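One-based numbering, in listed order, for ligands and for the atoms of each. Count residues from 1 along the sequence. Values in this document were obtained by computation on a predicted structure and should not be read as measured data.
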Amino acid sequence: MEPVLVTGAAGGRQGSTGRHLTAQLLGRGIPVRALVHSDDERATVLRALGAKVLVGDLRDLADARTALDGVRAAYFTYPVIDGLLDAAGAFAVAARETGLERVVAVSQLAAGPDAFTPRMRQHWVAEEILDWADIGAIHLRAAVFHENLALIADTGDPRTLTLPLGPEHTELPLVAAADVARVAAALLADPARKTEPIVHLTGDVQSIGTAARTLGRTYRDIDPDTWHAWALEYYGTRHAADHLTKLWEIFRLLSEGTGLYQVTPAIHELGGHPPITLADYAIHRPGH
Ligand SMILES: NC(=O)c1ccc[n+]([C@@H]2O[C@H](COP(=O)([O-])OP(=O)(O)OC[C@H]3O[C@@H](n4cnc5c(N)ncnc54)[C@H](OP(=O)(O)O)[C@@H]3O)[C@@H](O)[C@H]2O)c1
């Protein structure tokens with residue numbers, strides 16, 4: 001059986017969607033070629049799971065060609081750092097050459113040409129690049145990962161969840177990274193399975209106050225500049241600090257009661273069971 005290529009397979013600071021996906025595909029008996037950025041202990045874990053690990057840089061065309069050689073289906077993810085369009089471009093060129101039939105790519109809920117943050121606009125351009133390559137692209141436009149909130153909570157005062165989101169009734173659309181992976185797994189296990197080319201993934205909608213309590217914390221509002229300074233240090237990249245500070249501002253301005261965010265049916269329909277809520281995630285996350 002041909003392997004499925006999973007990029008971002010080691011997982012990182014966002015949701016580790018590629019790590020979840022690798023485990024899920026292997027669990028279904030589907031061989032995985034796992035692309036990692038560095039050969040460290042995370043790669044060792046992937047090998048122990050049964051993945052064939054390949055080390056490479058997605059922005060490098062030669063590495064993308066090697067990664068895509070002999071596969072018909074692939075997962076594309078790139079972290080919230082500079083270089084998304086370099087990676088999407090190299091991936092698209094290589095995938096078109098090698099005749100990829102399906103790519104499932106993670107994008108953001110509000111990706112669009114006029115979206116509020118440069119990263120959201122880059123996601124939309126990346127979607128276009130993958131579409132032009134004619135490689136069966138499906139874009140998963142995901143809400144905020146549960147992990148995103150949980151990791152922030154873990155790095156500051158453990159009793160508080162400190163974000164510049166204004167009043168505690170400010171609403172957030174959320175999704176578990178494992179559910180993003182589950183939808184990707186379904187589409188990659190059966191590359192002929194039909195779906196819309198853009199799939200919205202929201203698995204839960206919570207106010208930030210309730211979300212914090214669900215994670216065992218108390219929500220604390222903070223001014224955006226102070227949070228930005230903290231984020232610069234924590235993420236180590238202006239790209240992530242700028243994007244997230246702007247993202248929280250958008251949620252803060254939209255605040256509550258807009259009805260803008262709804263749980264989407266795709267997780268259940270494609271992934272096979274109801275979404276993992278933030279409460280489910282809080283109970284089952286490692287170490288809790
Ligand atoms: N966080 C959220 O709330 C959220 C919500 C919606 C959508 N998204 C989107 O989700 C995506 C990220 O999700 P994720 O869970 O897969 O991210 P992640 O957990 O940060 O994992 C990213 C992986 O990519 C690898 N990587 C970094 N640079 C690379 C390169 N040049 N070449 C090859 N691999 C590289 C990293 O390896 P190293 O660690 O070794 O560098 C890491 O294993 C982003 O596109 C983001 O916009 C995020």
Side-chain angles (χ1 to χ4, degrees), residues 5-22 33-46 51 53-64 66-68 74-91 94 104-111 115 117-127 130 139-152 163 172-181 183-184 199-204 211 231 234-237 239-240 242-244 246-248 250-251 264 278 281:
L5 171 67
V6 177
T7 66
R13 281 241 169 126
Q14 295 290 308
S16 293
T17 57
R19 182 167 54 73
H20 286 293
L21 177 61
T22 299
R33 182 179 298 166
L35 184 75
V36 300
H37 195 202
S38 39
D39 196 348
D40 54 22
E41 63 282 354
R42 295 172 299 170
T44 306
V45 172
L46 293 171
V53 172
L54 190 69
V55 183
D57 188 328
L58 265 179
R59 296 164 300 182
D60 185 296
L61 181 58
D63 286 355
T66 304
L68 283 155
Y75 177 70
F76 177 86
T77 185
Y78 189 84
V80 185
I81 57 175
D82 290 339
L84 173 62
L85 296 182
D86 295 333
F91 186 96
V104 177
V106 66
S107 182
Q108 292 185 348
L109 199 59
T117 79
R119 173 69 183 199
M120 290 175 184
R121 297 193 289 274
Q122 285 167 19
H123 264 300
W124 182 80
V125 176
E127 291 180 2
L130 296 174
H139 310 289
L140 304 183
R141 288 194 181 169
V144 176
F145 297 162
H146 297 336
E147 289 77 359
N148 202 338
L149 291 186
L151 289 172
I152 288 170
L163 282 167
L172 294 179
L174 297 165
V175 68
D179 277 343
V180 176
V183 169
V199 179
H200 290 94
L201 299 179
T202 297
D204 201 355
Y234 173 59
Y235 293 102
T237 142
H239 183 106
D242 289 358
H243 166 69
L244 286 168
K246 189 72 183 168
L247 183 69
W248 307 137
I250 296 163
F251 291 129
T264 54
L278 186 67
Y281 168 80

OG1 of Thr7 to CG of Asp63, rounded to nearest 0.5 Å, is 12.5 Å
Between Leu163 and Leu149, is the side chain to side chain contact (heavy atoms under 4.5 Å, CB included) condition met? List the steps.
CA-CA 9 Å; Leu163 282 167; Leu149 291 186; 3.7 Å; yes
Sorted by chain and residue number, the residues having a heavy atom closer than 4.0 Å to an atom of ligand 1 are Gly8, Ala10, Gly11, Gly12, Arg13, Gln14, Gly15, Ser16, Thr17, His37, Ser38, Arg42, Gly56, Asp57, Leu58, Arg59, Thr77, Tyr78, Pro79, Val80, Val106, Ser107, Gln108, Arg119, His123, Ala142, Ala143, Val144, Phe145, Asn148
Can you name the nearest heavy-atom pair linking Ala67 to Leu35, along with the distance?
CB-CD1, 4.3 Å
Quick check: do His146 and Asp204 have side-chain heavy atoms less than 4.5 Å from each other?
yes
List for me each residue that meets side-chain contact (heavy atoms from CB on, under 4.5 Å) alongside Thr202, sequence neighbours excluded, and say none if there are none.
Leu109, Ala143, Pro173, Val205, Thr264
Taking the six-membered ring of Tyr78, is the NZ or CZ of Arg59 close enough (under 6.0 Å from the centre) and on axis enough (within 45°)?
no
